[in-house]
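First up is the structure itself, then whatever we jot down about it.
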Amino acid sequence: MLKLLFLSTPVGSLGSGQGGGVELTVQNLAQELKQKGHLLEVVAPLGSTLKGIQVKTIEGNCQIAVQTQTRDVPTCLPANSVLANMWEYARQVQNNYDLIVNFAFDWLPFYLTPFFDRPIAHFISMGSMTEANDEIMNRVAQNYPDTIGVYTKSQAASFPFAEFCQILGSGIDLSLYDFCPQPQNYLTWLGRIAPEKALEDAVEASNITGIPLKIFGKIQDQDYWQQIRQDFPQAPIEYGGFLNTQELQKQLGKSLGLLMTPRWLEAFGNVAIEALACGVPVIAYARGGPAEIVRDGETGFLVKPDSVAGLVEAINKINQIDRFCCRQQAETEYSLQALGERFEAWFQRILRR
Ligand code: HBI
């Protein structure tokens with residue numbers, strides 16, 4: 001049994017959605033590790049909530065989201081920084097714990113690592129973003145090998161310390177997703193409707209094949225969405241809105257396949273494992289996280305990046321995929337239990353040093 005202190009992302013309170021994918025990771029991990037008998041406390045900004053887990057909330061001003069910054073941005077902390085306050089609390093209580101786990105993608109926790117008496121595991125939740133972060137993360141990777149965790153190999157590859165990264169993958173609560181053996185005649189596309197997600201390629205493929213495409217997710221860039229509608233006036237597409245998991249998995253499960261067309265380096269791509277959990281094959285550009293999730297020819301198809309012709313070719317053979325294999329892959333690789341085991345093994349490796 002380990003005594004673990006989790007320090008959450010300082011960009012917003014847990015449950016606000018501000019922290020995106022890493023909120024889900026903190027929530028799932030905390031629940032799973034508590035389930036396995038470990039003792040843990042989560043430190044997070046005021047207003048944070050976590051089902052069934054003790055949260056120590058800390059007041060202060062949130063960090064600026066790093067993805068809104070440029071690569072050369074100087075490290076900055078606001079007055080009364082919640083990040084600094086969280087780490088002051090951690091310094092005071094560190095001796096009650098075996099291991100501290102950092103989920104912030106920020107300079108300070110990495111800089112503070114050598115000042116702490118207790119070991120610190122750092123989970124990095126995006127690819128390389130700024131020079132200052134790369135530099136301080138690299139310093140920790142060199143001095144404390146094993147202590148850097150990431151979702152995927154391609155995410156690790158974006159950092160100068162790629163070979164030091166522990167690849168931990170992700171996981172979802174499979175009990176929320178129902179296997180659907182018999183699809184209806186439509187494809188799905190899920191995600192933020194924004195240029196880096198290249199929805200236009202999926203729409204073009206639907207236009208060529210004549211197979212209807214149902215689109216779900218937040219319209220983040222309205223002009224971009226209108227441009228797609230103008231460019232493909234005849235495409236058989238339908239926008240289904242931004243749904244909660246329960247509603248989304250109902251619609252997703254009935255589809256022939258999920259199209260993933262990322263233009264940028266997707267660190268992981270949770271929508272891929274949500275599809276697999278419903279038995280839905282994934283057709284994805286062979287780049288980033290999805291390229292490490294989809295088993296080409298078994299649970300979907302990996303397509304030459306940015307090739308609409310490649311998408312069309314894959315769509316035309318989607319019935320070759322056994323939908324049950326998709327569900328099985330989700331169960332073996334992406335269950336919460338598998339995720340908890342991977343993190344537990346990582347923590348043990350650090351503590352053995
Ligand atoms: N920005 N500064 C900062 N710190 C974070 O921890 C952070 C962020 N932007 C996005 C983010 N975390 C998470 O939404 C992603 O890691 C998933």
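Keep in mind the model is a prediction, meaning the values are calculated, not measured. Atoms within a ligand are numbered from 1 in the order they appear, just like the ligands themselves.
Within ligand 1, counting atoms from 1 as listed, the ones closer than 4.0 Å to a heavy atom of I64 are 1 (N), 2 (N), 3 (C). In summary, the atoms of ligand 1 found under 4.0 Å from a heavy atom of A104, numbered by their order in the structure, are 6 (O). Residue V11 has at least one heavy-atom neighbour below 4.0 Å for each of these atoms of ligand 1: 1 (N), 2 (N), 3 (C), 4 (N), 5 (C), 7 (C), 8 (C). Atoms of ligand 1 lying under 4.0 Å from at least one heavy atom of A65, given by number and element, are 1 (N). Those atoms of ligand 1 that come under 4.0 Å of a heavy atom in P10, given as number and element, are 6 (O).
Around the NZ atom of K304, the shell of radius 6.0 Å holds no more than 12 heavy atoms that belong to other residues, nucleotides or ligands. Heavy atoms of other residues, nucleotides or ligands lying less than 6.0 angstrom from NZ of K317 number more than 12.
When non-hydrogen atoms are compared, ligand 1 lies under 4.0 Å from neither the backbone nor the side chain of E23. Residue contacts with ligand 1, taken as heavy atom pairs separated by less than 4.0 Å, involve D106 solely via side-chain atoms from C-beta onward.
Below 3.5 Å of separation, one finds an N or O of V66 facing an N or O of ligand 1. Distances between N or O atoms of F105 and those of ligand 1 include at least one value under 3.5 Å.
The aromatic rings of F105 and F159 lie tilted to each other, with the angle between the two planes from 30° to 60°. Note: F179 and F324 have perpendicular aromatic rings, judged against thresholds of 30 and 60 degrees for the angle between ring planes. Aromatic ring pairs are classed by plane angle as parallel below 30°, tilted from 30° to 60° and perpendicular above 60°; the pair Y111 and W107 is parallel.
Of the listed options L108, T9, N102, L24, T9 places a heavy atom closest to atom 12 (N) of ligand 1.
Within the 3.5 Å criterion, the main-chain N or O of A198 finds a donor-acceptor partner in the side chain of T261. For the pair T57 (side chain) and V43 (backbone), a donor-acceptor distance under 3.5 Å is absent.
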